[in-house]
Engineer: 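This structure is in structure tokens; I'll ask about it shortly.
Just so it is clear: chains get the letters A, B, ... in the order the sequence lines come, proteins before strands, and each one is counted from 1. Quick caveat, the model's predicted, so the values are computed rather than measured.
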Protein chains: 2
Amino acid sequence: MKLIQDKLESKGLRSSQQRMKILQYLDQHRTHPTVEEIYNGLVKEMPTLSRTTIYNTLQLFLEHALISGLTISGSESRFDFETTPHSHFFCKECGVVMDVEKVDCPCENRGVISGNRIDEVHLYLKGVCKNCLTKSKGGKK
Amino acid sequence: MKLIQDKLESKGLRSSQQRMKILQYLDQHRTHPTVEEIYNGLVKEMPTLSRTTIYNTLQLFLEHALISGLTISGSESRFDFETTPHSHFFCKECGVVMDVEKVDCPCENRGVISGNRIDEVHLYLKGVCKNCLTKSKGGKK
DNA sequence: TTTCATGCTTGTAATTATTACATCTTCGTG
DNA sequence: CACGAAGATGTAATAATTACAAGCATGAAA
Ligand SMILES: [Mn+2]
Ligand SMILES: [Mn+2]
Ligand SMILES: [Zn+2]
Ligand SMILES: [Zn+2]
């Protein structure tokens, strides 16, 4: 928890109870949670926590590059404690979002493509995860 | 228009007026339009067109792999007449979504990663486009 | 050609994710 | 302790999408 606090203060941000808890939640849940999942995970121990605080805080964290954001599942934003570039896999059966072994794309080393400045690279793989493939063996195709 | 009709019928789909217009719109607007953009583009000549029809139709097209879908801009889905694998760039200044020269990632040739079956590969690059970079020369960084 | 069934389209209502905003709280400083 | 700014909260508004019931079109069967 001290480390979390340091991380916040190293960016010049005040380490409020809410900010620390939200950042800690992301650190301890590397599942790329949504706002709703973070809310449900924290509201038990912080009954007055507001979803708006979570939105604001995540936005702030993104601006300070404390976390990273994903839009792999389409309808909702997901968040990641990890900020170093890596790739993601989304299972269309069970909805899990997981990190995959770094696929190194030539573009990541290139700052510009056709004159456009690249700030972020997102590689999203979608399909059916190992787990769901196993379960559906013999079941429905 | 005949080609559009053939394309629909080749997938065993009925070629209704709405379906043809929607598919034609995507063919003629390679800007990765949103549902709203498609609606605004077509409602003039089809005043009774419903957004629901657009949602349903795009869903159907996706299921039959007539088109492809993107979630690069976060809040809304975008659609692409092009179905062969290619990469996209999103400008955080002006919101344009454009195709970029094919970046060939090793994963595209691989059907499985860590036991997960890959059906789709999306490479999204985000940053500031050539145009916006030019405009802001001398202006704000 | 009428009849009928089925698939397609429409409009409205409901849901979900997100943002806007006014108010209340907290916390460091003097 | 008092003040002021930053932070948190709750409610209302928006935006995108889905659910659903009802109407419409089309093509095969009679
Ligand atoms: Mn990750
Ligand atoms: Mn494209
Ligand atoms: Zn799965
Ligand atoms: Zn731009």
Engineer: Which pairs would a plain distance check flag for residues 57-66 of chain B, meaning a side-chain donor or acceptor within less than 3.5 Å of a matching protein atom at least two apart in sequence or in another chain?
Structural biologist:
unit_1  : atom_1 : unit_2  : atom_2 : d
B:Thr57 : OG1    : B:Thr53 : O      : 2.6
B:Gln59 : NE2    : B:Glu63 : OE2    : 3.2
B:His64 : ND1    : B:Leu60 : O      : 3.0

Engineer: Within this structure, what is the CD-to-P distance between B:Glu37 and D:dA15, rounded to whole angstrom?
Structural biologist: 15 Å
Engineer: Hey, does A:Phe79 have a side-chain heavy atom less than 4.5 Å from the side chain of A:Val35?
Structural biologist: yes
Engineer: Can you tell me the distance, in whole Å, between the CZ atom of B:Phe79 and the C1' atom of D:dT17?
Structural biologist: 10 Å
Engineer: Sequence neighbours left out, what passes side chain to side chain contact (heavy atoms under 4.5 Å, CB included) with A:Lys130? Give chain and number order.
Structural biologist: B:Asn116
Engineer: With sequence neighbours left out, write down each residue that passes side chain to side chain donor-acceptor pair (under 3.5 Å) with A:Lys11, or none if nothing qualifies.
Structural biologist: none
Engineer: Quick one: A:Arg19 CZ to D:dT9 P, roughly how many Å, whole number?
Structural biologist: 11 Å
Engineer: Taking only residues two or more places apart in sequence or in another chain, which ones pass side chain to side chain donor-acceptor pair (under 3.5 Å) with A:Ser73?
Structural biologist: A:Arg78
Engineer: Can you name the salt bridge (Lys or Arg N to Asp or Glu O under 4.0 Å) partners of B:Lys7, sequence neighbours left out?
Structural biologist: none
Engineer: Spell out protein contact along nucleotides 10-25 of chain C as letters: B when the base is contacted, S when just the sugar-phosphate is, - when no protein heavy atom is under 4.0 Å; keep the 5' to 3' order.
Structural biologist: BBB----SBBBB----
Engineer: For nucleotides 22-28 of chain D, print each protein N/O atom paired with a nucleotide N/O atom at under 3.5 Å, atom names and distance only.
Structural biologist:
none

Engineer: Run the side chain to side chain donor-acceptor pair (under 3.5 Å) test against B:Asp6 and tell me which residues pass, sequence neighbours left out.
Structural biologist: B:Lys2
Engineer: Checking B:Ser68 now: which residues fulfil side chain to side chain contact (heavy atoms under 4.5 Å, CB included) with it, not counting sequence neighbours?
Structural biologist: B:Asp80
Engineer: Using salt bridge (Lys or Arg N to Asp or Glu O under 4.0 Å) as the criterion, list what pairs up with B:Asp27, not counting sequence neighbours.
Structural biologist: B:Arg30
Engineer: In whole angstrom, give the distance that lies between atom CG of A:Leu8 and atom P of D:dA6.
Structural biologist: 17 Å
Engineer: Mind checking side chain to side chain donor-acceptor pair (under 3.5 Å) for A:Gln28 and listing every partner two or more places apart, or none if nothing turns up?
Structural biologist: none
Engineer: Please report the distance, rounded to the nearest Å, between CD in A:Glu63 and P in D:dG7.
Structural biologist: 12 Å
Engineer: For the helix from C:dT1-D:dA30 to C:dG30-D:dC1, how many degrees between its two end axes (five pairs per end), to the nearest 10°?
Structural biologist: 10°
Engineer: Just checking A:Tyr124 against A:Phe90, ring centres under 6.0 Å apart?
Structural biologist: no
